[in-house]
Amino acid sequence: MSLPRAFYDRPTLEVARDLIGKLLVHVTKAGRASGVIVEVEAYIGENDPACHASAGPTRRNAPLYGPPGRAYVYFNYGMHYLVNAVTEASGRPAAVLIRALDPREGVDLMRRRRARTSGRSADAFGTHELCRGPGNLTRALAIGRRQNRVSLSGGRLHIEDVGLDPGPVAWSPRIGIRVGTERLWRVFVKGHPAVSGPRDRR
DNA sequence: CGTTCGATGCACT
DNA sequence: GTGCATCGAACGT
């Protein structure tokens, strides 16, 4: 079952916690690829200095101000797409960045996609390496600009509740930002091998 | 183990 | 022109 828009129309930290254990799915011509979400970060409002909305509305961050339950995809560091789920009501800019997945369907497809853009051979990738990190998982699932603003409820890119218990989670500072590090707005499955970051943050 | 650093595109000021 | 919500190879210890 695809999560309904109402799932995202809630306080962002609750949505972040509840996205852990859900299945992110992308269906393309090449096939179906999916993974269980094991790590996310919340970016909440214009007062959060790390949120793209911190400088007010712009063309780039417009999806953050739009309706909940859509994808916000943007290009970073000249080579990586990052995918977020937009949360909260329209006019309240907030989202949850998806940072790592435990691969389920289409693992071989993921290997080929990662190999194609990295120069490494497909069989060099361990399963838990394929979707570890926000830039890696968009590669493995072939998520890019075209998925910006699409609905996450029922389309080719969507998030399903598959009734999994992800196990214990932990909260930490967000990774890769220079400001707003005092907020513990990163959630992840404790000890999961697909979670990104230094070992003491997994 | 640990840290540093280059690759690379584009939105924004 | 500046600065990224990154990644991984290359180095030092």
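Protein chains get the first letters and strands the later ones, always in sequence-line order, with residue 1 at the start of each.
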N/O (side chain, A:Arg99) to phosphate O (OP1/OP2, C:dT6) under 4.0 Å: yes
side-chain N/O A:Asn136 vs C:dG8 OP1/OP2, d < 4.0 Å: yes
Aromatic ring pairing A:Phe75/A:Tyr81, orientation class (parallel under 30°, perpendicular over 60°, tilted between): tilted
Under-3.5 Å donor-acceptor pair between A:Asn84 side chain and C:dA5 base: yes
Ring-face cation of A:Arg120 near A:Phe125 (centre distance under 6.0 Å, axis angle within 45°): yes
Closest to the A:Met79 side chain, choosing from B:dA7, C:dC7, C:dC4: B:dA7
Among B:dA7, C:dG8, B:dC10, the one nearest A:Arg114 by side-chain distance: C:dG8
Taking atom [atom2] of [N] as reference, at what distance in whole Å does atom [atom1] of [X] sit?
X        : N      : atom1 : atom2 : answer
A:Phe75  : B:dC12 : CZ    : P     : 15 Å
A:Tyr77  : B:dG6  : OH    : P     : 15 Å
A:Leu82  : B:dA11 : CG    : C1'   : 15 Å
A:Tyr81  : C:dA5  : OH    : C1'   : 16 Å
A:Tyr43  : C:dC4  : OH    : P     : 12 Å
A:Ile177 : C:dG3  : CD1   : C1'   : 15 Å
A:His80  : B:dT8  : NE2   : C1'   : 9 Å
A:Arg174 : C:dC4  : CZ    : C1'   : 15 Å

Side-chain donor or acceptor of A:Ser34 paired with backbone N/O of A:Leu24 under 3.5 Å: no
Sugar-phosphate, base or nothing in reach of A:Arg186, heavy atoms under 4.0 Å: nothing
Nearest-nucleotide comparison on DNA chain C, the residue closer to the 5′ end among A:Tyr72 and A:Arg120: A:Tyr72
5' priority, DNA chain C, between A:Asn76 and A:Glu129 [closest heavy atom]: A:Asn76
Residues A:Arg186 and A:Ser172: side-chain donor-acceptor under 3.5 angstrom: yes
Base-pairing assignment for C:dA5 (Watson-Crick or G-U wobble, both under 3.5 Å): none
Identified pairing partner of B:dT8, criterion: Watson-Crick or G-U wobble below 3.5 Å: none
Rounded C1' spacing from B:dC10 to C:dG8 in Å: 22 Å
A:Arg92 atom CZ, neighbour heavy-atom count above 12 within 6.0 Å: no
